[in-house]
Number of protein chains: 2
Amino acid sequence: MSSLAKIARICGVSVGATSKALTGKPGVSEVTRQRILNVAAQQNYRPNRLVHAIQSGRSMTVGLTCNDFQDDFVGSILKGMLEVLYEASYDPIVISWDLCVHEGETVLRTFAERRVDGLLMFPPADQPTHAYLQELKSFQRPIVVVDQVFAGVEDYDFTGSQDYEGGQIATEHLIKLGHKNIANLYHLETSTGRARLDGFRSTMQKHGLIVHEQWMYNIEHYGTKEAYNHAKRLLSEKNGPTAIVAFNDWVALDVLAAARDLNLSVPNDVSVVGFANLRVASSVRPRLTTIAQNPLLIGRRAAKRLLELLDGEKADSPPHHPVTDRIPVKLIIGESTRPIA
Amino acid sequence: MSSLAKIARICGVSVGATSKALTGKPGVSEVTRQRILNVAAQQNYRPNRLVHAIQSGRSMTVGLTCNDFQDDFVGSILKGMLEVLYEASYDPIVISWDLCVHEGETVLRTFAERRVDGLLMFPPADQPTHAYLQELKSFQRPIVVVDQVFAGVEDYDFTGSQDYEGGQIATEHLIKLGHKNIANLYHLETSTGRARLDGFRSTMQKHGLIVHEQWMYNIEHYGTKEAYNHAKRLLSEKNGPTAIVAFNDWVALDVLAAARDLNLSVPNDVSVVGFANLRVASSVRPRLTTIAQNPLLIGRRAAKRLLELLDGEKADSPPHHPVTDRIPVKLIIGESTRPIA
DNA sequence: CTGAAAGCGCTTACAG
DNA sequence: CTGAAAGCGCTTACAG
């Protein structure tokens with residue numbers, strides 16, 4: 001890789017002059033500038049941005065932590081982030097939490113050493129360790145937490161969805177259709193899951209409906225058979241629920257599968273509501289009734305917020321108050337719910 | 001962010017001594033080393049890796065270009081890559097092709113300026129421009145192409161799937177079940193799509209079966225209604241095909257949906273084979289018969305190959321011959337295919 | 001217009 | 001053991 005010095009040597013001018021010529025700064029004659037430009041092009045010169053990062057104290061990179069990229073929800077969030085970052089000439093360095101279970105502090109340390117300007121953080125899957133929270137505290141750069149919250153990150157900006165309201169909307173929808181006996185396959189392991197469940201319970205209560213605790217199942221890992229098995233159990237009961245609220249579309253798919261395997265019909269025998277409006281929600285039959293999130297917007301807003309914080313630093317503005325930004329969700333009526341017979 | 005100089009000043013020693021102490025090099029007394037270590041910890045010192053990158057000529061970063069992260073196929077490839085990179089202390093800088101349509105050279109230029117040590121490249125969605133290929137040629141670092149090939153990248157290492165064989169296996173499976181009238185919803189826009197189609201045609205020919213060209217549809221964009229509409233057309237024909245080979249699982253899902261909407265049964269009225277074995281393939285009913293790829297392994301192997309190339313550079317080994325690495329695929333028999341009546 | 005020099009944050013021979 | 005100095009690749013005041 002050819003350096004400034006090399007270009008300078010070839011052109012027979014000083015390094016300083018070469019720098020000015022290539023960065024378009026005044027202080028070089030047009031003739032020498034052209035000569036330098038030509039040689040640089042011919043030598044395939046690429047300025048070393050690492051140097052610029054050191055000099056300016058800005059690496060123009062952002063740390064990005066992710067749990068997995070297993071569906072279009074996280075995929076779209078990423079897309080939204082990349083879009084905004086690209087526009088602002090920032091590039092993300094991506095590290096997966098999965099890789100460093102119980103040593104999340106390593107991730108933060110790496111980001112610190114690489115001098116990222118800020119952090120876009122999908123919280124780690126597991127409960128954060130003390131060491132991690134410690135490292136987080138001493139992490140000197142702006143942080144925006146995405147999608148999930150957890151104990152210890154209340155002091156940071158947050159961008160996610162109106163999960164609580166989503167839980168309410170899903171439940172309201174079923175109640176409006178006449179359902180009273182509603183089960184819930186929820187997910188206590190994440191803040192989104194807990195919020196959606198809270199929304200469910202508050203809505204049931206608001207309408208004076210009983211929550212049948214024997215129909216309430218926590219799905220610890222929704223990639224496995226767990227949801228499917230619970231769904232089968234629910235659907236096999238006589239006088240079982242007439243509707244099921246699922247933590248997300250994957251769980252809802254498991255309910256569809258369980259119903260199918262029991263020769264039951266969704267929505268004729270049971271109604272199902274999902275959450276997320278994943279790509280698959282409208283691909284399957286029956287199409288899922290689901291609560292649409294707006295992952296693209298979540299990604300964009302999270303990144304924009306981070307850029308604001310970074311600009312604020314430059315402007316040396318007063319310490320900010322962390323902002324919680326929850327993007328509205330929307331009921332998508334598919335074919336997996338119907339009025340009770 | 002505290003610097004070496006700051007630590008040195010506080011400790012009242014030279015920068016050199018501080019450096020030695022913190023990097024564990026000999027040449028400092030144990031007493032001062034401890035003093036320095038303590039101050040560094042207390043000052044929350046983090047060495048600036050950008051400096052190290054400049055000095056060593058190794059940034060320990062890898063450029064990663066992606067089209068989208070819309071399903072678990074790409075997601076798992078990424079996971080595999082991140083795993084291997086993390087193990088070797090490399091971190092990826094991720095840029096999405098989507099963002100810079102028709103100016104892919106910008107991406108490469110950014111990577112060059114950021115001095116990534118190598119490149120893991122999902123080829124751009126659109127036909128590469130001349131400027132792009134130009135920039136690629138002058139990109140001085142090792143490159144591994146992933147999943148898709150395109151004209152102009154024949155000279156690079158490649159890691160992907162046995163798509164051609166996959167096309168054969170899918171077709172063989174249907175033929176073994178007695179199907180003769182087989183349609184194909186293919187995807188000419190990508191090399192994988194073309195290879196799978198070739199595998200289909202060669203297998204049909206091998207068995208002396210006629211390819212009915214009026215049942216052959218190119219799916220330009222498989223996120224849209226396109227596949228669904230073509231599938232409906234195919235399924236509405238009297239004496240239509242008894243089986244359909246789909247470019248991938250998403251297209252296969254569209255066939256399932258079309259069948260459902262026409263009150264037809266898969267597999268009783270028509271058999272369908274997908275490709276990829278996405279997470280959704282076993283979530284839907286009927287479960288998809290599909291050709292499983294091994295995205296995790298693709299990701300790992302691609303990253304490993306890149307690391308080998310990087311090691312080779314250090315060792316100053318002779319110019320290598322580009323290696324093409326196609327991971328075997330595997331037939332997964334679901335419920336979407338059955339012997340012909 | 002042009003060049004020599006300082007400095008960004010570090011490491012590494014080289015003197016003392 | 002310890003410090004001063006050169007150097008990585010650049011930019012930016014500062015002299016000429």
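Sequence lines set the chain letters: A, B, ... in the order given, protein chains first and strands last, and positions in each chain run from 1.
- Between the C1' atom of C/dT2 and the CD1 atom of A/Ile36 lies a distance of 10 Å, rounded to the nearest Å.
- For C/dG3, one of the phosphate oxygens OP1 or OP2 lies less than 4.0 angstrom from a side-chain nitrogen or oxygen of A/Ser14.
- Taking a pair to require two hydrogen-bonding distances under 3.5 Å in either a Watson-Crick or a G-U wobble arrangement, D/dG16 pairs with C/dC1.
- The phosphate of D/dC8 (OP1 or OP2) has no side-chain N or O of B/Ser56 nearer than 4.0 angstrom.
- With contacts defined as side-chain heavy-atom distances shorter than 4.5 Å, the pair A/Leu4/A/Leu22 qualifies.
- Residue A/Thr32 is in sugar-phosphate contact alone, with no base atom involved, counting any heavy-atom pair closer than 4.0 Å across all strands shown.
- A salt bridge between A/Asp91 and B/Arg114 is present, with a side-chain N of the basic residue lying under 4.0 Å from a carboxylate O of the acidic one.
- By the 4.5 Å heavy-atom criterion applied to side chains, B/Phe69 and A/Val74 are not counted as neighbours.
- Distance CD (A/Glu30) to P (C/dT2): 11 Å, rounded to an integer number of Å.
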Contact pattern, 5' to 3', of nucleotides 9-16 of chain D - B, S or - by protein heavy atom under 4.0 Å: BBBB----
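- Here the closest non-hydrogen pair linking A/Ala40 and A/Ile7 is CA-CD1, 3.9 Å.
- Distance noted for atom P between D/dT2 and C/dG9: 25 Å (whole Å).
- In this structure, the side chains of A/Arg326 and A/Phe158 come closer than 4.5 Å at one or more pairs of heavy atoms.
- Rounded to the nearest Å, the gap between the P atom of D/dG7 and that of C/dA4 is 15 Å.
- Taking 4.0 Å as the cut-off between side-chain N and carboxylate O, A/Glu87 and A/Lys304 do not count as a salt-bridged pair.
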